[in-house]
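Data first, discussion second: the structure below is written as structure tokens.
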Amino acid sequence: MELILMILLAAAAAVICSMYPQLKNAKKTIREKDAELTKYVMENVDMSKQLAEMEHDYKYQKEMADEIIKIQNQSRALKHDMKNHTLVILSFLEKGKTEEAMQYTSEILDRLNAMYTYVSAGNSLLNYIINRKLSYAKEIKIDIKAEIENLSFSYMDSIDFSSLLNNMLDNGIEAAVKSKRKLLAVTITHQKGFDIVHVRNSIDQSVLKQNPGLKTSKNEPSHGVGIKQIKKIIEKYSGVLDIYEEQDMFHVTAGLQDSETYT
């Protein structure tokens with residue numbers, strides 16, 4: 001009995017030894033297939049990301065083109081009307097109606113001030129967002145000041161850049177329209193190795209004293225909307241975020257380094 005058991009164990013050992021190279025090759029094949037699968041998945045994830053960005057860019061390009069056409073049509077209409085406006089003013093002046101001429105001129109200037117001037121920078125997505133948001137702010141009677149440099153922000157994913165700028169502008173517009181001054185100022189510039197996006201809006205009372213953590217609520221979202229997302233994007237690109245108040249103005253400044261080393 002013991003002899004039979006020893007013979008069976010020896011046979012099993014012989015079988016295992018004979019199969020070892022096959023098992024080794026099988027493990028190697030599994031590792032190779034796993035590596036190929038991982039590579040395939042990563043490539044497709046990257047392609048999906050690129051496709052999403054292309055679709056995102058296309059959408060904004062199309063909407064931006066529509067916005068430009070709208071502004072151009074407004075400019076053509078105004079140019080067409082200016083001849084008639086000039087004739088009316090001259091008619092008032094010829095009849096000695098100086099006050100009427102001044103009043104009519106004032107009304108025309110009000111219309112001109114209400115029109116939004118298109119911004120053209122080095123980034124089509126930047127152009128679209130800035131023009132769309134500032135045009136809307138103008139429509140709801142917000143006084144706008146803008147200083148936009150020709151910056152590309154090419155080191156940022158378009159989705160990240162869109163989220164950052166949209167959130168900053170949305171917060172500023174929402175807060176500005178609630179204040180008495182209704183002022184929104186936007187500066188996009190390059191300083192000391194950083195691309196700076198600086199959005200500031202008028203306030204009637206301190207936001208940071210009332211809500212230092214900028215937490216949102218159902219009734220009063222205030223500046224808290226999107227702050228978490230803004231911080232996340234700033235951290236991704238190793239940038240800096242500064243939020244402060246000065247002279248009845250609420251400031252949000254994002255500083256981003258033009259670098260290819262982001263993770």
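The distance from atom OG1 of Thr187 to atom NE2 of His251, rounded to the nearest 0.5 Å, is 10.0 Å. Asp157 contributes atom CG, which lies 4.5 Å from atom NZ of Lys236 (distance to the nearest 0.5 angstrom). To the nearest 0.5 Å, atoms NZ (Lys180) and CG (Asp248) are separated by 10.5 Å. Here the NZ atom belonging to Lys232 is positioned 8.0 Å from the NZ atom belonging to Lys228, to the nearest 0.5 angstrom. Taken from CD in Gln205 to OG in Ser179, the straight-line distance is 11.0 Å, to the nearest 0.5 Å. Atoms NE2 and CZ, on His190 and Phe153 in that order, are 10.0 Å from each other to the nearest 0.5 Å.
Between Leu125 and Ser162 there is a side-chain heavy-atom pair separated by less than 4.5 Å. In this structure, the side chains of Ile227 and Asn171 come closer than 4.5 Å at one or more pairs of heavy atoms. Contact of the Leu183 side chain with the Met249 side chain is registered, since non-hydrogen atoms from C-beta on lie closer than 4.5 Å. Two residues are said to be in side-chain contact when any heavy atoms from C-beta on lie closer than 4.5 Å; Leu256 and Phe194 fail this criterion. Side-chain contact between Phe250 and Val199 is absent, with no heavy atoms from C-beta onward closer than 4.5 Å. In this structure, Glu149 and Ile188 have side chains that are not in contact, with every pair of non-hydrogen atoms separated by 4.5 Å or more. Here the side chains of Ser163 and Ile233 are in contact, with some heavy-atom distance below 4.5 Å. Between Asp143 and Lys182, every side-chain heavy-atom pair lies at or beyond the 4.5 Å cut-off.
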Review point. Going through the checks in order, is the side-chain contact (heavy atoms from CB on, under 4.5 Å) test met by Leu126 and Phe161?
Key: CA-CA 8 Å; Leu126 169 62; Phe161 179 76; 3.9 Å; yes
Practice item. Could you please spell out the steps behind the side-chain contact (heavy atoms from CB on, under 4.5 Å) verdict for Leu90 and Val88? Key: CA-CA 5 Å; Leu90 287 173; Val88 171; over 6 Å; no
Practice item. Kindly indicate, with the supporting measurements, whether the criterion side-chain contact (heavy atoms from CB on, under 4.5 Å) is fulfilled by Ile234 and Leu164. Key: CA-CA 8 Å; Ile234 294 296; Leu164 175 69; 4.1 Å; yes
Practice item. Using the side-chain contact (heavy atoms from CB on, under 4.5 Å) rule, take Ile230 and Met168 through it: C-alpha gap first, then chi angles, then the decisive distance, then the call. Key: CA-CA 8 Å; Ile230 290 171; Met168 291 179 69; 3.7 Å; yes
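Taking every heavy atom of both residues into account, Leu93 and Ala101 meet most closely at CD2-CB, 3.8 Å. When all heavy atoms of Ile144 and Ala137 are compared, the closest pair comes out as CD1-CB, 3.9 Å. Nearest heavy atom pair, residue Ala176 against residue Asn201, reads CB-CB, 3.9 Å. Nearest approach of Leu134 to Ala146, heavy atoms of both residues: CD1-CB, 4.0 Å. Of all heavy-atom pairs between Tyr155 and Tyr237, the closest is O-CE2, 3.5 Å.
Between the side chain of Ser106 and the backbone N or O of Met102 there is no donor-acceptor pair closer than 3.5 Å. Between the Glu245 side chain and the Leu208 main chain, a donor and an acceptor come within less than 3.5 Å of each other.
Residue-environment remark: OH (Tyr244) exceeds the threshold of 12 foreign heavy atoms within 6.0 Å.
Salt-bridge formation is not detected for the pair Asp204/Arg181: no Lys NZ or Arg NE/NH1/NH2 atom is positioned less than 4.0 Å from an Asp or Glu carboxylate oxygen. Remark: Glu174 engages Lys178 in a salt bridge, criterion side-chain N to carboxylate O under 4.0 Å.
Grouping the Ile, Leu, Val, Met, Phe, Trp and Tyr side chains by contacts below 4.5 angstrom, directly or via other members, places Ile140 with Leu184. Cluster membership for Ile130 and Tyr136, using ILVMFWY side-chain heavy atoms within less than 4.5 angstrom, is shared. Hydrophobic clustering keeps Ile196 apart from Val186 (ILVMFWY residues linked when any side-chain heavy atoms are closer than 4.5 Å, directly or through intermediates).
Side-chain contact annotation: Asn131 with Ser135, donor-acceptor N/O pair under 3.5 Å absent. Judged by distance alone, the side chains of Arg200 and Thr253 never bring a donor and an acceptor atom under 3.5 Å apart.
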